[in-house]
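Because only heavy atoms are used, hydrogens play no part in the values below, and waters and symmetry mates are left out as well, while side chains stay in. Keep in mind the model is a prediction, meaning the values are calculated, not measured.
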Amino acid sequence: MILSDKNTDNQKDLIIQLKNGHKDSFKFLVELYQDKVLNTCYHFVHDKTDAEDLSQEVFLQVYRSIGRFREDAQLSTWIYRIAVNKSLDHIRKKKRKKRFAFVTSFWGTTENEYELQIPTNENLHSDLEQKEMIQILNNAINKLPENQKTAITLSKYEGFSNKEIAEILDTSVSSVESLIHRAKKNLNQKLYHFYEKNTQVFAG
């Protein structure tokens, strides 16, 4: 996850090498973070192909922007922040596309130009028997306000601490705690009937 203080010197050396354009260092960076970035993107967009495309965009931006990295945060924090922003931008674009397609189809200016994409049940780390529960949770999480969705996803899906989430979102720990609390409250309300028959995954 985020590099510890024990790795500060190694991180500084890596940043220097990256800023100097060392290709082996960038390859090392990708190998170090590609799985985590891919999973982070996936838990926002719920589509493996989209997540793979986004993770490539993340590292492309890292490569292009490393020279402007001010080192006021951990390198990994900066990378995950890019991953979150890329994922949220992707979601916003899809929502705009759906709204545009609905309006144009409603007024008859287009015909079968857009086919609604149903979110897949595929999950990188879950058993097939949990698909239904995962889909219900995903649907409920997607309906949360964006800041709550981001905080609960990073916390419950990605396993980041509140301090790490605060660094990624560039906010305070107390704000993150408040966002997660409100997100869990909203989820419990949305999933009340479902939770009557299943374990409350987000109750803790």
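- Residues N142 and H46 have side chains in contact (heavy-atom distance under 4.5 Å, counting atoms from C-beta outward).
- Residues L169 and L154 are in side-chain contact: their nearest non-hydrogen atoms beyond the backbone lie under 4.5 Å apart.
- Taking the side-chain contact (heavy atoms from CB on, under 4.5 Å) definition, one finds that H181 meets it with nothing, sequence neighbours left out.
- Taking the salt bridge (Lys or Arg N to Asp or Glu O under 4.0 Å) definition, one finds that E52 meets it with nothing, sequence neighbours left out.
- Scanning for salt bridge (Lys or Arg N to Asp or Glu O under 4.0 Å) contacts around K143 gives an empty result, with sequence neighbours left out.
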N/O donor to acceptor pairs below 3.5 angstrom from side-chain atoms of residues 57-67, sequence neighbours left out:
residue, atom, partner, partner atom, Å
Q61, OE1, K86, NZ, 3.2
S65, OG, Q61, O, 2.9
S65, OG, R68, NH2, 3.2

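- Every side-chain contact (heavy atoms from CB on, under 4.5 Å) that A151 has, sequence neighbours left out, goes to L179, I180.
- A distance of 6.0 Å separates CG in L29 from CG in L14, rounded to the nearest 0.5 Å.
- The shortest heavy-atom contact between A83 and T40 is CB-CG2, 4.3 Å.
- Annotation: side-chain contact (heavy atoms from CB on, under 4.5 Å) contacts of E146 (sequence neighbours excluded): L88, R92, T150.
- S178 and R182 are linked by a side-chain donor-acceptor pair at a separation below 3.5 angstrom, with hydrogens and angles left out of the test.
- Distance check: L32 CG to L75 CG gives 8.5 Å after rounding to the nearest 0.5 Å.
- Taken together through direct or relayed side-chain contacts under 4.5 Å among Ile, Leu, Val, Met, Phe, Trp and Tyr, V173 and I152 form parts of separate hydrophobic clusters.
- The OG atom of S55 sits 12.0 Å away from atom CD1 of I79, with the distance rounded to the nearest 0.5 Å.
- Using cut-offs of 30° and 60° for the angle between ring planes, the Y33 and Y80 rings count as perpendicular.
- Here E158 pairs with K36 in a salt bridge; the nearest charged N to carboxylate O distance falls below 4.0 Å.
- Residues C41 and L54 come closest through the heavy atom pair SG-CB, 3.9 Å.
- The CD atom of Q148 lies 10.5 Å from the NZ atom of K185; values are rounded to the nearest 0.5 Å.
- Considering OG1 of T77 and CZ of F160, their distance stands at 8.0 Å, rounded to 0.5 Å.
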